[in-house]
Amino acid sequence: MNRETFAASSMPEPNTGCWLWMKYVHPNGYGMCFYNKRGDVAHRVAYRLWVGEIPKGLTIDHKCRVTSCVNPDHLEAVTQRVNTHRGTGPVAVNAAKTHCKRGHELSGDNLDVLKGKYGPYRRCRKCRRMREGFGGK
């Protein structure tokens with residue numbers, strides 16, 4: 001597949017600059033296509049065609065947050081951690097929090113960073129002390 005053939009399968013969206021994939025879109029929102037005789041995700045193919053090979057250990061992030069977009073200007077090779085933190089899922093939402101649910105700041109001496117099953121997580125020390133019966137508002 002070349003750039004021209006690939007581009008014919010997308011439609012420019014004039015307000016955002018996205019190139020929306022017009023062929024098969026998986027229920028998860030990502031465009032799918034065949035490239036080098038294999039099924040692949042369309043945005044990864046777009047990156048390869050216009051930018052180059054995807055560096056080992058990196059994933060392709062949609063800077064526009066539109067999963068069916070294949071505009072190479074909207075795609076960036078980043079670590080999985082960066083991709084996750086830029087998103088809107090639970091990990092990104094929690095990472096963006098500056099205060100715990102009781103309003104305590106999550107920084108400095110009031111922050112515990114612990115190892116969890118799925119990676120590090122943050123915990124409010126004041127809330128922990130309150131739970132353990134040491135007061136601490």
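Everything numeric in this text was worked out from a predicted model, so none of it was measured.
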Would you check, one step at a time, whether the test side-chain contact (heavy atoms from CB on, under 4.5 Å) holds for Y30 with S68? CA-CA 5 Å; Y30 291 93; S68 63; over 6 Å; no
Would E105 and K126 count as a salt bridge (charged side-chain N to carboxylate O under 4.0 Å, His left out) here? Give the steps. CA-CA 9 Å; E105 192 169 3; K126 287 182 182 177; over 6 Å; no
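To the nearest 0.5 Å, the span separating CE on M130 from SG on C124 amounts to 8.5 Å. Here the OG1-CZ distance, from T16 to R65, works out to 14.0 Å after rounding to the nearest 0.5 Å.
The distance between the ring centers of W19 and F6 does not fall below 6.0 angstrom.
You'll find the side chain of L114 reaches within 4.5 Å of the side chain of R123, heavy atoms only. Residues C69 and H62 form a side-chain contact, since some pair of their non-hydrogen atoms from C-beta on lies under 4.5 Å apart. Proximity of N36 to R38: side-chain heavy atoms (C-beta onward) are nowhere separated by under 4.5 Å. A heavy-atom distance below 4.5 Å is not found between the side chains of C33 and K23.
More than 12 heavy atoms of other shown residues, nucleotides or ligands fall within 6.0 angstrom of atom CG in N2. Within a 6.0 Å sphere centred on CZ of F34, heavy atoms belonging to other residues, nucleotides or ligands number 12 at most. For M1, the CE atom sits in a packed shell: over 12 heavy atoms of surrounding residues, nucleotides or ligands are nearer than 6.0 Å.
L75 and V66 fall into different hydrophobic clusters, where Ile, Leu, Val, Met, Phe, Trp and Tyr side chains are chained together by heavy-atom contacts under 4.5 Å. The same ILVMFWY cluster, assembled from side-chain heavy atoms under 4.5 Å apart, contains both L106 and V113.
Heavy atoms only, all atoms of each residue included: T59 and N83 are closest at CG2-ND2, 3.5 Å. Shown here for I54 and L58, the closest heavy-atom pair between the two residues is CG2-O, 3.6 Å. Summarising the geometry of S10 relative to V70, their closest heavy-atom pair is CB-CG2, 3.8 Å, with the distance given to 0.1 Å.
At least one donor-acceptor pair closer than 3.5 Å links the side chain of N71 to the backbone N or O of D73. Side-chain N or O atoms of W21 include one that pairs as donor or acceptor with a backbone N or O of M32 at under 3.5 Å. For R125 (side chain) and D109 (main-chain N/O), a donor-acceptor pair under 3.5 Å exists by modelled atom type.
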Pairs of donor and acceptor atoms involving the side chains of residues 40-51, under 3.5 Å and at least two apart or interchain, shall be tabulated with distances.
from: D40; atom 1: OD2; to: R48; atom 2: NH1; distance (Å): 2.6

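Remark: D112 does not engage R122 in a salt bridge, criterion side-chain N to carboxylate O under 4.0 Å. Between R86 and D61 there is a salt bridge, since at least one side-chain N of the basic residue sits less than 4.0 Å from a carboxylate O of the acidic one.
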